[in-house]
Amino acid sequence: MTFRDALALGMAREMEADPSVFVFGLDVPDHKRIFGSTRDLVEKFGPSRCFGTPLCEDALTGIALGAAISGLRPVLVHIRADFLLLTMNQIGNMISCLRYMSGGKVKVPLVIRAIIGRGWGQSAQHSKSLHGMFAHFPGLKVALPSRPQDAYSLMRAAVRDDNPVMIFEHRWLYDVSGVVDEKVKVELGKASVIRKGAALTVAGVSWMNVEAMKAAEVLARRGVELEIVDVRSVAPFDEETLIRSVERTGHCIVADYDWVHAGFSGEIATRINYRCFGKLKKPVERLGFRHTPCPSTRTLENLFYPSAIDIIRTAEKMLGLSETDLAGEEFFSYEKNFKGPF
Amino acid sequence: MTFRDALALGMAREMEADPSVFVFGLDVPDHKRIFGSTRDLVEKFGPSRCFGTPLCEDALTGIALGAAISGLRPVLVHIRADFLLLTMNQIGNMISCLRYMSGGKVKVPLVIRAIIGRGWGQSAQHSKSLHGMFAHFPGLKVALPSRPQDAYSLMRAAVRDDNPVMIFEHRWLYDVSGVVDEKVKVELGKASVIRKGAALTVAGVSWMNVEAMKAAEVLARRGVELEIVDVRSVAPFDEETLIRSVERTGHCIVADYDWVHAGFSGEIATRINYRCFGKLKKPVERLGFRHTPCPSTRTLENLFYPSAIDIIRTAEKMLGLSETDLAGEEFFSYEKNFKGPF
Amino acid sequence: MNSRDEALRLYRKLLLARLSEEKIRELYPSNEIKSPVHLGIGGEAIPVGVCHCLPENSKYFGTYRNHTLYLTLTGDTDGFFAELYGRASGAGGGKAGSMHLMAPDRGLMATSAVVATTIPVAVGAAMAARYRGSDDWVAVFFGDGAMEEGVFWESLNFACLHKLRILFVCEDNGLAIHSHDTTRRGFRSIPESVGGFRCHVLSGDGSRLSTVVEKTREAVTRMKKDSQPAFLHLTYFRFLEHVGPKEDFAAGYRPAPTEAERGGRDPVAIFEGELKSLKCSRPEMDAIRSELAKQVDASSRKAQAAPSPSPPDLLTDVFS
Amino acid sequence: MNSRDEALRLYRKLLLARLSEEKIRELYPSNEIKSPVHLGIGGEAIPVGVCHCLPENSKYFGTYRNHTLYLTLTGDTDGFFAELYGRASGAGGGKAGSMHLMAPDRGLMATSAVVATTIPVAVGAAMAARYRGSDDWVAVFFGDGAMEEGVFWESLNFACLHKLRILFVCEDNGLAIHSHDTTRRGFRSIPESVGGFRCHVLSGDGSRLSTVVEKTREAVTRMKKDSQPAFLHLTYFRFLEHVGPKEDFAAGYRPAPTEAERGGRDPVAIFEGELKSLKCSRPEMDAIRSELAKQVDASSRKAQAAPSPSPPDLLTDVFS
Ligand SMILES: Cc1ncc(C[n+]2csc(CCOP(=O)(O)OP(=O)(O)O)c2C)c(N)n1
Ligand SMILES: Cc1ncc(C[n+]2csc(CCOP(=O)(O)OP(=O)(O)O)c2C)c(N)n1
Ligand SMILES: [Mg+2]
Ligand SMILES: [Mg+2]
């Protein structure tokens, strides 16, 4: 099953189980179905439970909150995470703290989905991640599935949670296929070791797990085994799983899908440095976007984004290895699959 | 001169020097004058250069941008940093990246001032800092003066800068007095060592520098000398000044005025850990808000905020010292000076 | 007003709010109420009148200027004063303060200190009612300044599009802090500004409780007949400073009212006049006043003596 | 239209935009234009007509659907195609892509892919003109969907309050991506929705270049007489999919137009009809067409052959 289908299935199962769940947002029920991720919902559950809206992201976020404190379980969808910037007031000043301000009198069960854009020259306004920014606000949970099983299971956990949960979905992940067992439950707030290895730990966020798997495949051919921890949740953050890994490997690369400066990679690195003080063989390295807005042209875009190659080169440097010859390797395969216009 | 007067003077001097500078925002020219920080501006420069507005923070931010790319130098003022959440779309999707998206064709000289609220039960919606969040966006400069001289000099530097600059001002700092030399220039993006000491470095942000000075005073009585680096700017971030200090002391406490998780403290700590790898005697410690929304009642507020006492206790722990008897000490003196209703 | 009885019930609500806020004015200088207070003196008739006309299970949303709304819906002076004093027994356990008084069990779903933020939340509650097929009503109170925020228009558009059962109640004091409406409005008048939207628009003098009741009833009738939201524009005079317990006419941004003007804009004085014409005697009113004054006094004393939250409380209520 | 000459000048602009976009449609399947393209086919008359009626130094603001606006103001097909191909010689050095074409030296100050974001920016430019005492005019173009965003209302309010010299130009195609106006509007009509604001409101058929010119001139005249902003509501038909080079009537969210309907909504065909009545011959028009086609062709070829930005360019233009 693809990641997009897993998202749709996760929502569908919760909608079947609980009539108070509904899905809404701009263009949610149109024929494109948010890149397919809301497929079949309007047919199965009707237009009162899956509907499109005017362009008013700020109000929609407040509307989700109002519905949530009235006992419903809204799922609000944004086709680009960048549009969340219009909703920060409701998220930061209301959703994240209304329960606290009321002394625990209200409950805020809602889900906000947002897609991280990449592909076809999305440029500066359609490519942000922002997960770290939201992780910063007490009262929010923030998850980033990178595999179909997690897309399905974390979606279900998010809808069932009695608190606000944000889910960030990288656009390229939508075409990733994998086995989805409908019975598998995944708790929010837990990392997952998606590859075992003794040489070096990669803490991967979202799409960077795919890049890390590719890097691991390349390095494994010369006997260097990366361990990959899919962070999956940045709030709450599962420090323990990561620490256990780094305590064994003594090396860590944090591969975030965001700008490095003042981003979530610093939080991860700080915690590792703190807990593994004296046990690290090399300082924790961080990978992320270059510190510029995202350019439009492919040439510069490829320099802007971190990739498997960066992971490989960084690992080699940390481990004191010579540079692997990458001449025959196929990288960026998803980008090649991706075609315009959007 | 007080911090508030220094802010007003900095703006006034730039308004005198350059007729394209103007100051606006909600309630900027009323008789309270944004806690006094816009005093005399409307009298000196008239209502076309210092004016109030309707309640429309999102539009005001776009208006500032439009004025800036038209050759003016707007200074937009927010009486609480929390209201910046209404303006994130213009800041994150336009102001920070318009120059880049245009291929360098436009110039964006503007200043956004925001006050960090504390005092008189401000609670969850009037107490946020958010400096780290803005530091994350390439294309923005973010400064936090903690002394009157910097309030004056950084304000002038910000207004003269050809790029968007945000200035965060802690409400309690307004009453701090200090010498202000009008001729002193301070460059944006530089930290400042505000106290020399050999035992341990405190990297202080905004109000936490005042707390750190108090902690240093207490510890100095037992011969423990703290070095205090006022971070002053989180974007660009002056890593070198801090690293030079920590290389000497081998110990660092990052005292941020914000939530710890996914905040700027992680960025600072990560960079120190990276650069001082193997030279630190103890892992870098971080201080900041407790991970909850800010409560209203004073009792809980005092637990929520980090203070000089936390710095003292953390330093003692790191240095292996017994706990200093704090019985006779006067802490929170500014809070005692602060009276309601706002 | 239909009856003397009904009028007296309303009078009690009006007076409870007034006396509670006068008590705050008295106590505030002690600096023990460590919360900003946005007093509603002059505007009490609006929440009292609107809430009176909506059915039991209605949901309400308000602002930081919420004291009357809270007291009208709950009558709970104990929780009210305890919250102002930041006590564990306060309406929000000390976490709310004056600006975030809520009582979901009495229909007061949310209040907020960020202008206009509860408007879309109220629309969400109205949508939830529709979703569940319930016939709950929703009313949201906001100041005239809130209409300048974009989210007001987004919310109005959404509610009108979906024909939700919601009353938008604009409490128009002509001021946003110290800024006059003339320095903030690019539209001809408040009713005209929303005139193009598919909602019922009504205006009236919000200082007169009987007018508020009449207009709200008219809105309800019209909403029942032609199911569209209603926009209620009610004017009033803010007697005190924007935040805090004092008058501030001396600041010079507006003239002090004459005694006659005061009387003409004081909802309590005006309503007492109406009560007289309903044959309520001064002694009868005085008896109510002294009964309520005792309640307010007792609650405020209790609050002063009540314990603060304990340290572990800081960490609760973040998540469910 | 005042003269044959003027009409031919307008025709060239209209046609340059049309031919450039038809060229994109032709080239896009090669997957070498790696930028989303929001084509304006059907809507060309609006930017062409509005810009024609404002003085030389006017400032313009647009959206992601900005090709006609860019080409009308600059005529620069070289920079246009180079930017679509992500070349160093592109209008934005490869950083902009189709959605952010700007030319401040020709008055095109900003465009944006986030709906409604340039509206307040345009108001800021109008305020700057007032501040400097210049008599520059400002026009901002936005889709009908943008009016649902709160910032539109905030911006309109601010501009009307300050009587700024700005034209708000609503390019109304009745669609936001695939959503029809009926599923998005809680107001009676677009002109009525803004009717309560202190601005001039004019409506017309934006497919007819002569109507656009007439309405814009009327707006200018009224703004000169009674200095208030103007709101220009111009309808048009979007011939293609929201983003991308194709038609998408088969998707089923709207019916395909008949040939007659097409003709009635095609600004180029309509304007050619008007040209005929101004005694412009078909061969004359064909000559213009083939001249412009050559220009477009040459620019697109040049763009394909041009070099990409080099790696250090990634890091420039972040700060001044
Ligand atoms: C979004 C936002 N901007 C600014 C403020 C600061 N502020 C608090 S109250 C107020 C005035 C609001 O006026 P109005 O809505 O008319 O309510 P009133 O106080 O008159 O009841 C302002 C500007 C705020 N709290 N929230
Ligand atoms: C704030 C924001 N929300 C959503 C989107 C996604 N989006 C892109 S174009 C569009 C439709 C806009 O419709 P309209 O303003 O009528 O312009 P048109 O495309 O019809 O020219 C939407 C919803 C966006 N770019 N920005
Ligand atoms: Mg008001
Ligand atoms: Mg449209």
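Please read all numbers here as calculations on a predicted model, not as lab measurements. Below, chains carry the letters A, B, ... as their sequence lines are ordered, and counting in each starts from 1.
Among the candidates B:P295, B:P54, B:A59, B:G121, the residue making the largest number of heavy-atom pairs closer than 4.5 Å to chain C is B:P54. Across B:H291, B:H126, B:R80, the residue that shares the most heavy-atom pairs under 4.5 angstrom with chain C is B:H126. If you tally non-hydrogen atom pairs under 4.5 Å between each of B:L85, B:D58, B:L303, B:L86 and chain C, the highest count goes to B:L303.
With a 4.5 angstrom heavy-atom cutoff, C:A176 touches chain B via backbone and side-chain atoms both. With a threshold of 4.5 angstrom between heavy atoms, C:V115 approaches chain B through side-chain atoms but not through N, CA, C or O. Contact annotation for C:S112: both backbone and side-chain heavy atoms come within less than 4.5 Å of a heavy atom of chain B. For C:L84, no part sits under 4.5 Å from any heavy atom of chain B, backbone or side chain. Interface residue B:D30: only side-chain heavy atoms are found under 4.5 Å from chain C. Interface residue B:T299: only side-chain heavy atoms are found under 4.5 Å from chain C. For C:M99, the part lying near chain B is the side chain, with the backbone staying farther off; criterion is any non-hydrogen pair under 4.5 Å. Only the side chain of B:F83 comes within less than 4.5 Å of a heavy atom in chain C; its backbone stays farther off.
In this structure, C:R184 CZ and B:C56 SG are separated by 11.0 Å, a value rounded to the nearest 0.5 Å. The distance from the CG atom of B:L55 to the CG atom of C:D144 is 9.0 Å, given to the nearest 0.5 Å. One finds the CG atom of C:L315 at 10.5 Å from the CZ atom of B:F304 (value rounded to the nearest 0.5 Å). To the nearest 0.5 angstrom, B:K32 atom NZ is 9.0 Å from C:I177 atom CD1. One distance of note links NE2 of C:H100 with OG of B:S123; it measures 3.0 Å at 0.5 Å rounding. We find the NZ-SG distance between C:K95 and B:C294 to be 12.0 Å, quoted to the nearest 0.5 Å.
Listed for the B:T297 side chain is no donor-acceptor partner under 3.5 Å among the backbone atoms of C:G94. Proximity of a side-chain donor or acceptor of B:Q125 to a complementary backbone N or O of C:A113 within less than 3.5 Å is detected.
Contact of the B:W120 side chain with the C:N31 side chain is registered, since non-hydrogen atoms from C-beta on lie closer than 4.5 Å. Side-chain contact between C:Y28 and B:P341 is present, with at least one heavy-atom pair separated by less than 4.5 Å.
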